Amino acid sequence: MKNFKKIAGLALAAALAVGTLTSCKAGSGSKLIMATNATFPPYEYVDGKTMKGIDIDIANALAKKMGKKLEIEDVEFDSIIAGVSQGKYDFGMAGMTVTPDRKKNVDFTDSYANAVQSVIVAEDSPIKSVDDISSKNKIGVQQGTTGDIYASDSPKNGGYGEDAVVKYKSGPDAVEALKQGKVDCVIIDNEPAKAYVKANKGLKILDSAYANEKYAICVKKGNDSLRKDLNKALKELKDDGTIDSIVSKYIKE
Ligand code: GLN
């Protein structure tokens with residue numbers, strides 16, 4: 001009992017310490033705090049105990065160019081924009097698509113990648129193309145992502161309606177549900193889709209893409225100095241071939 005109390009006390013102290021650390025505000029001079037969601041290979045994922053991926057490497061290169069120390073926090077995708085607008089994180093980088101709605105809440109840097117929303121189905125699925133998907137299907141998505149936003153929209157606007165959509169916390173959770181037959185397809189970004197299909201037997205990606213989009217880094221609305229600094233560093237990394245070489249390290253076509 002005594003020991004338990006001691007351990008519980010230590011755990012509490014540790015939790016408080018972490019709490020103080022993580023509540024430390026962004027925007028503190030020599031350090032940049034980035035928020036990501038590391039369930040999104042090859043852009044960000046956890047390998048053993050370290051975060052890896054295209055965004056992680058680009059962010060490190062950006063911080064180096066800007067002469068800042070980078071700290072990365074792994075949070076739910078859905079809370080990145082809120083945290084950035086509250087000033088908890090300096091920027092969000094998570095294979096994040098630029099959308100008009102998000103632009104109301106955060107500002108975006110120049111884009112650093114083109115992306116595609118794809119559809120994953122079981123190999124023997126009756127869904128052969130995007131046109132076969134209807135409101136009668138159960139469609140799995142990662143909550144708060146563009147796949148979710150498009151699919152949850154009304155059929156009039158090209159979506160399938162909220163009732164057809166099942167929202168999961170992460171891409172891997174949605175893919176697991178597909179494997180278990182709980183949903184008929186998963187709409188998700190093409191590169192993670194490729195990684196998930198490679199890691200799971202019996203799944204495939206439809207040939208027809210669902211939507212084309214662009215990734216960029218989000219900063220707090222009005223933080224023009226950080227946005228401009230990031231854009232300048234991004235341009236240098238594009239021009240000197242760093243971005244291309246990072247991408248080709250992770251994506252081998
Ligand atoms: N590109 C998608 C979006 O921005 C998904 C991003 C993600 O899941 N990390 O909504």
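Counting starts at 1 for both ligands and their atoms, following the listed order. In this text the structure is predicted, and so the values were computed from the model without any measurement.
- Under a 4.0 angstrom heavy-atom cut-off, Tyr43 registers as lying outside contact with ligand 1.
- Looking only at protein heavy atoms, the nearest one to atom 7 (C) of ligand 1 is Phe40 CE1, 3.2 Å.
- Looking only at protein heavy atoms, the nearest one to atom 10 (O) of ligand 1 is Thr146 N, 2.6 Å.
- Ion pairing between Asp107 and Lys103 fails under the 4.0 Å rule for side-chain N and carboxylate O.
- Near Met96, the atoms of ligand 1 lying under 4.0 angstrom from a non-hydrogen atom of the residue are 4 (O).
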### Chi angles and distances behind the ring-ring contact (aromatic ring centres under 6.0 Å, His included) call for Tyr43, Tyr215
CA-CA 11 Å; Tyr43 288 91; Tyr215 292 164; 5.1 Å; yes
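- Here is the list of ligand 1 atoms found below 4.0 Å of a heavy atom in Ala94: 6 (C), 7 (C), 9 (N).
- Of the heavy atoms in Glu213, only side-chain atoms (C-beta onward) come closer than 4.0 Å to ligand 1.
- For the residue pair Tyr112 / Asp55, a side-chain donor-acceptor distance below 3.5 Å is found, with atom types taken as modelled.
- At least one N or O atom of Arg102, backbone or side chain, sits closer than 3.5 Å to an N or O atom of ligand 1.
- For the pair Asp101 and Lys104, the salt-bridge criterion is met [side-chain N within less than 4.0 Å of a carboxylate O].
- Relative to atom 5 (C) of ligand 1, the option among Asp189, Ile188, Val141 with the closest non-hydrogen atom is Asp189.
- At a cut-off of 3.5 Å, with distance as the only test, a side-chain donor of Gln180 or Lys182 sits close to an acceptor on the other residue.
- Looking at Gln117 and Thr146, their side chains do bring a donor and an acceptor atom within 3.5 Å of each other.
- Donor-acceptor pairing under 3.5 Å is lacking for the side chains of Ser170 and Gln142.
- Annotation: atom 6 (C) of ligand 1 to nearest protein heavy atom, Gly95 O, 3.2 Å.
- Checking only distances, Gln142 does come within under 3.5 Å of ligand 1, N or O to N or O.
- Both Tyr150 and Ile127 belong to a single network of hydrophobic side chains, linked directly or stepwise wherever heavy atoms of I, L, V, M, F, W or Y lie under 4.5 Å apart.
- The distance from ligand 1 to the heavy atoms of Tyr215 drops below 4.0 Å at these ligand atoms: 1 (N).
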